[in-house]
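Encoded as structure tokens, the structure appears first; notes follow it.
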Amino acid sequence: MSREVLGILCSGRGSNLQSIIENVNTGKINAEIKIVLTDKPNAMALTRAKEAGISGVCVDRKLYETREAFEEALLAELKKAGVTLVILAGFMRLLSPLFVRAYEKRIMNIHPALLPSFQGAHAHRDVLAYGVKVSGATVHFVDEGMDSGPIILQGAVSVLDEDTEDTLAARVLEVEHKLYPEAIRLFVEGKLKIEGRKVRILE
Ligand code: GAR
């Protein structure tokens, strides 16, 4: 089995990127991170990529008139780098069918809630407003909907009465940093089998 080549897309801080880099460096994930792409020039993820010796490229959304043109530019970078698995790590843009079809069943995302509840860009705010007692993180394959693809792994945390968006986000992030590397490890070792909506883990 040939080694997977990862391309990681981020919009900001890049703490999930950092945990993936560390898991590749320690050998837990047997894959190469070939490129980090951001849609914003000031994303901290670019600094993290540079410090890790990984090529970091900003495809600035503001410089493209249409989403299609922007996504074509992202795809061109990914193809040029030979990427075989696309990892969305805090990438805050919905990808069109054009992009999703180019890497069908080869795009993963992490969402900071227990899907299918609390989809979208404000999961922690929505969790607290609704009053649920348990939240968490979900790693899933990306399909043509929003946060709707087959679920790979989930991890739960308690929601506390005194939680703010920040304290809840911090607790969920600890789960994310374990869950995402584990899901990528399973993929690169060929241990994920998608059967319709279900992802079977062959381990
Ligand atoms: C993470 O909590 C991730 O789950 C979330 O953004 C944060 C990025 O943090 N992603 C989404 O909300 C996607 N809709 P990071 O940049 O430190 O990894």
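Atoms within each ligand, like the ligands themselves, are counted from 1 in listed order. Given the structure is predicted, the values throughout are model-derived calculations rather than measurements.
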Considering only non-hydrogen protein atoms, determine which one is nearest to atom 10 (N) of ligand 1 and report residue, atom name and distance to 0.1 Å. Ile110 O, 3.7 Å
Does the side chain of Lys133 come within less than 4.5 Å of Leu160's, by heavy atoms? no
Scanning both residues in full, the closest heavy-atom pair of Ala102 with Leu75 reads CB-CD2, 3.7 Å
Distance only, no hydrogens: is a donor on one side chain within 3.5 Å (strictly under) of an acceptor on the other, for Asn23 and Arg185? no
Cation over ring face, Arg93 and Phe70, 6.0 Å, 45°: yes
Of all the non-hydrogen atoms in the protein, which one sits nearest to atom 16 (O) of ligand 1, and at what distance? Gly14 N, 2.8 Å
Please work out whether any backbone atom (N, CA, C, O) or any side-chain heavy atom from C-beta onward of Asp147 is under 4.0 Å from ligand 1, and answer side chain, backbone, both or neither. neither
Which atoms form the tightest heavy-atom contact between Ser158 and Asp163, and what is the distance? O-OD2, 4.2 Å
If I apply the N/O under 3.5 Å rule, does His124 come out as touching ligand 1? no
Does the N or O separation between Gly12 and ligand 1 drop below 3.5 Å for any pair? no
Quick one: which ligand 1 atoms are inside 4.0 Å of a heavy atom on Leu173? 2 (O)
Give the atom numbers and elements of ligand 1 that come within less than 4.0 Å of a heavy atom of Arg13. 9 (O), 15 (P), 16 (O), 17 (O)
What protein heavy atom lies closest to atom 13 (C) of ligand 1? Include the residue and the distance to one decimal. Met92 SD, 3.7 Å
Considering only protein heavy atoms, which is closest to atom 4 (O) of ligand 1, and at what distance to one decimal place? Glu176 OE1, 2.8 Å
Identify the protein heavy atom lying closest to atom 8 (C) of ligand 1, giving its residue, its atom name and the separation to 0.1 Å. Gly90 CA, 3.6 Å
Check for me whether Lys79 meets the cation-pi criterion with Tyr103, that is, NZ or CZ under 6.0 Å from the six-membered ring centre and within 45 degrees of the ring axis. yes
Report the C-alpha distance between Arg125 and Glu165 in whole Å, list the side-chain angles of each, state the deciding distance to 0.1 Å, and finish with yes or no for salt bridge (charged side-chain N to carboxylate O under 4.0 Å, His left out). CA-CA 6 Å; Arg125 183 192 71 189; Glu165 281 185 48; 5.4 Å; no
Closest to atom 15 (P) of ligand 1 among protein heavy atoms sits Ser15 N, 3.4 Å
From the list Glu32, Lys34, Glu4, side-chain hydrogen bond (donor to acceptor under 3.5 Å, both in side chains) partner of Thr84 resolves to Glu4
Could you check atom 14 (N) of ligand 1 against the protein and tell me its nearest heavy-atom contact, residue, atom and distance included? His111 ND1, 3.9 Å
